[in-house]
Amino acid sequence: MQNPGNAVPLAWVWPMVAALVPLVFGVAWKDWLWWAALVAPCTGTLAAGCWRPWLGGIASLSWLAAWTWLGRDLPHGHLLGGLGGLVGLLCCGWAMGQLAGKKSVLSAALMALVLCLFLTGAPAGFWLFSDPPWSPSSAARLLDVSPAALLMESAGVDFLRLPAIYGPVGADCMDPNLRLAWGNLAGWGVGVLGLCLSTAAWTCHRRKTVPERIQ
């Protein structure tokens with residue numbers, strides 16, 4: 001009988017490749033965080049589809065190892081804050097994969113990727129407009145749910161001051177009190193939330209797949 005995991009032969013290879021290949025090209029740590037914010041939830045979903053759970057675990061740990069290496073020169077608070085945010089994004093993806101099941105894990109991974117692309121691009125109007133498309137208050141709320149803002153601000157990056165963000169979201173018109181940046185502790189808060197969600201999803205998955213004991 002064929003293993004269900006064979007339906008996703010790259011479920012553990014792709015997450016590792018996605019995490020480590022950028023290092024080969026010498027990307028800067030901020031560029032890697034952009035990439036991680038977009039792709040980590042998708043790869044976490046794929047990792048959950050591995051036939052052997054330990055393979056999915058290794059695939060996910062490759063992301064944490066990559067960030068630890070890239071952020072080795074950062075202050076410990078920024079390194080750990082980014083690590084917490086990354087754990088949260090991976091675990092949210094893992095939860096989606098567990099709920100979807102191995103037969104639908106590819107669809108769930110694609111959904112996670114599209115959602116991250118949408119939430120990251122929405123504050124800047126997907127960079128399609130010459131002027132900010134949203135009011136300052138709307139842009140601030142959209143930034144609050146952007147995975148890129150969460151991950152980069154947890155790692156100590158002044159996200160609003162990045163050239164790709166400052167002009168397109170109208171940061172020059174945004175009152176400083178309108179939005180507070182995510183801090184280092186927010187990264188670990190999201191990490192704990194992601195772990196809780198993935199644990200709950202795993203429990204639901206086990207209850208559906210493990211046969212009940214015969215009385």
Side-chain angles (χ1 to χ4, degrees), residues 15 18-19 29-45 47-48 56-57 59-99 108-109 111-113 115-123 137-162 165 169 171 174-205:
W29 64 273
K30 290 183 182 179
D31 295 329
W32 189 90
L33 284 178
W34 271 106
W35 172 248
L38 296 175
V39 180
C42 170
T43 58
T45 305
S60 298
L61 287 174
S62 64
W63 283 85
L64 307 185
W67 168 242
T68 302
W69 170 258
L70 284 171
R72 63 191 182 279
D73 295 328
L74 296 177
H76 287 169
H78 294 168
L79 172 63
L80 294 177
L83 193 66
L86 185 58
V87 168
L89 293 179
L90 287 168
C91 286
C92 287
W94 191 284
M96 288 184 65
Q98 288 288 336
L99 292 174
M111 185 183 301
L113 179 61
L115 181 61
C116 287
L117 288 171
F118 176 81
L119 292 177
T120 298
S137 58
S138 298
R141 300 291 75 78
L142 289 171
L143 285 168
D144 285 339
V145 295
S146 166
L150 169 68
L151 187 56
M152 299 190 80
E153 289 178 346
S154 297
V157 178
D158 190 352
F159 188 70
L160 274 179
R161 297 293 175 179
L162 293 178
I165 297 298
V169 303
M174 194 176 294
D175 190 291
N177 297 321
L178 192 58
R179 179 180 182 269
L180 296 177
W182 296 107
N184 302 145
L185 291 178
W188 278 109
V190 173
V192 171
L193 175 62
L195 287 170
C196 292
L197 290 175
S198 60
T199 301
W202 179 81
T203 302
C204 292
H205 176 73

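Just so you know, these numbers use all the heavy atoms, side chains as well, and skip hydrogens, waters and symmetry mates.
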Which residue pairs pass the salt bridge (Lys or Arg N to Asp or Glu O under 4.0 Å) test when at least one of the two sits in residues 74-87, sequence neighbours left out?
none
Mind running side chain to side chain contact (heavy atoms under 4.5 Å, CB included) on Leu80 and Asn184 for me, showing each step along the way?
CA-CA 7 Å; Leu80 294 177; Asn184 302 145; over 6 Å; no
Looking only at heavy atoms, which two atoms of Pro147 and Cys116 are closest? And how far apart?
CG-O, 4.1 Å
Taking everything shown except Trp63 itself, do over 12 heavy atoms lie less than 6.0 Å from its CH2?
yes
For Leu79 and Trp67: C-alpha separation, side-chain torsions, deciding distance, then whether side chain to side chain contact (heavy atoms under 4.5 Å, CB included) applies.
CA-CA 8 Å; Leu79 172 63; Trp67 168 242; 3.6 Å; yes
Give me the atom names and distance for the closest heavy-atom approach of Gly93 to Thr45.
O-OG1, 2.9 Å
Return each pair, listed once, that meets salt bridge (Lys or Arg N to Asp or Glu O under 4.0 Å) where at least one residue sits in residues 63-90; pairs must be two or more places apart or across chains.
none
Report the distance from atom CG of Leu143 to atom CG of Leu119, rounding to the nearest 0.5 Å.
11.0 Å
Closest contact, heavy atoms only, Thr43 versus Ala18:
CG2-CB, 4.0 Å
Measure the spacing between CH2 of Trp32 and CE of Met152 and express it to the nearest 0.5 Å.
11.5 Å
Sorted by chain and number, sequence neighbours left out, side-chain contact (heavy atoms from CB on, under 4.5 Å) with Leu117 holds for Leu38, Leu113
With a sphere of 6.0 Å drawn around CG of Leu185, does it hold more than 12 non-hydrogen atoms of other residues, nucleotides or ligands?
no
Test side chain to side chain contact (heavy atoms under 4.5 Å, CB included) on Leu197 and Cys91 and set out the steps.
CA-CA 7 Å; Leu197 290 175; Cys91 286; over 6 Å; no
With no hydrogens and no angle check, is any side-chain donor or acceptor of Ser146 less than 3.5 Å from a backbone partner on Leu142?
no
Which distance, rounded to the nearest 0.5 Å, do you find between the CG of Leu89 and the OG of Ser60?
12.0 Å
Under the side-chain hydrogen bond (donor to acceptor under 3.5 Å, both in side chains) test, residues paired with Asp144 that sit two or more places apart:
Arg141, Arg179
Heavy-atom check, side chain of Trp34 versus side chain of Val157, under 4.5 Å:
no
Partner set under side-chain contact (heavy atoms from CB on, under 4.5 Å) for Thr68, not counting sequence neighbours
Leu83
Let me confirm one number: the OG1-CD distance from Thr199 to Gln98, rounded to the nearest 0.5 Å.
10.0 Å
As an exercise, state the distance from CE of Met174 to OG of Ser137, rounded to the nearest 0.5 Å.
8.5 Å
Under the rule for ring pair (Phe, Tyr, Trp, His ring centres under 6.0 Å), what residues qualify as partners of Trp188, not counting sequence neighbours?
none
With Phe159 as reference, evaluate Leu33, Ile165, Leu150, Leu151 under the side-chain contact (heavy atoms from CB on, under 4.5 Å) test and give the passing residue.
Ile165
What one should report as the nearest heavy-atom pair of Ser154 and Ala186 is OG-C, 4.2 Å
Shortest non-hydrogen contact between Gly194 and Cys92, atoms and distance
CA-SG, 4.3 Å
Looking at every heavy atom in both Ala95 and Ala201, which two are closest together, and how far apart are they?
O-CB, 3.6 Å
Quick one, Trp182 with Val190, criterion side chain to side chain contact (heavy atoms under 4.5 Å, CB included). Give me CA distance, side-chain angles, the key distance, then yes/no.
CA-CA 11 Å; Trp182 296 107; Val190 173; over 6 Å; no
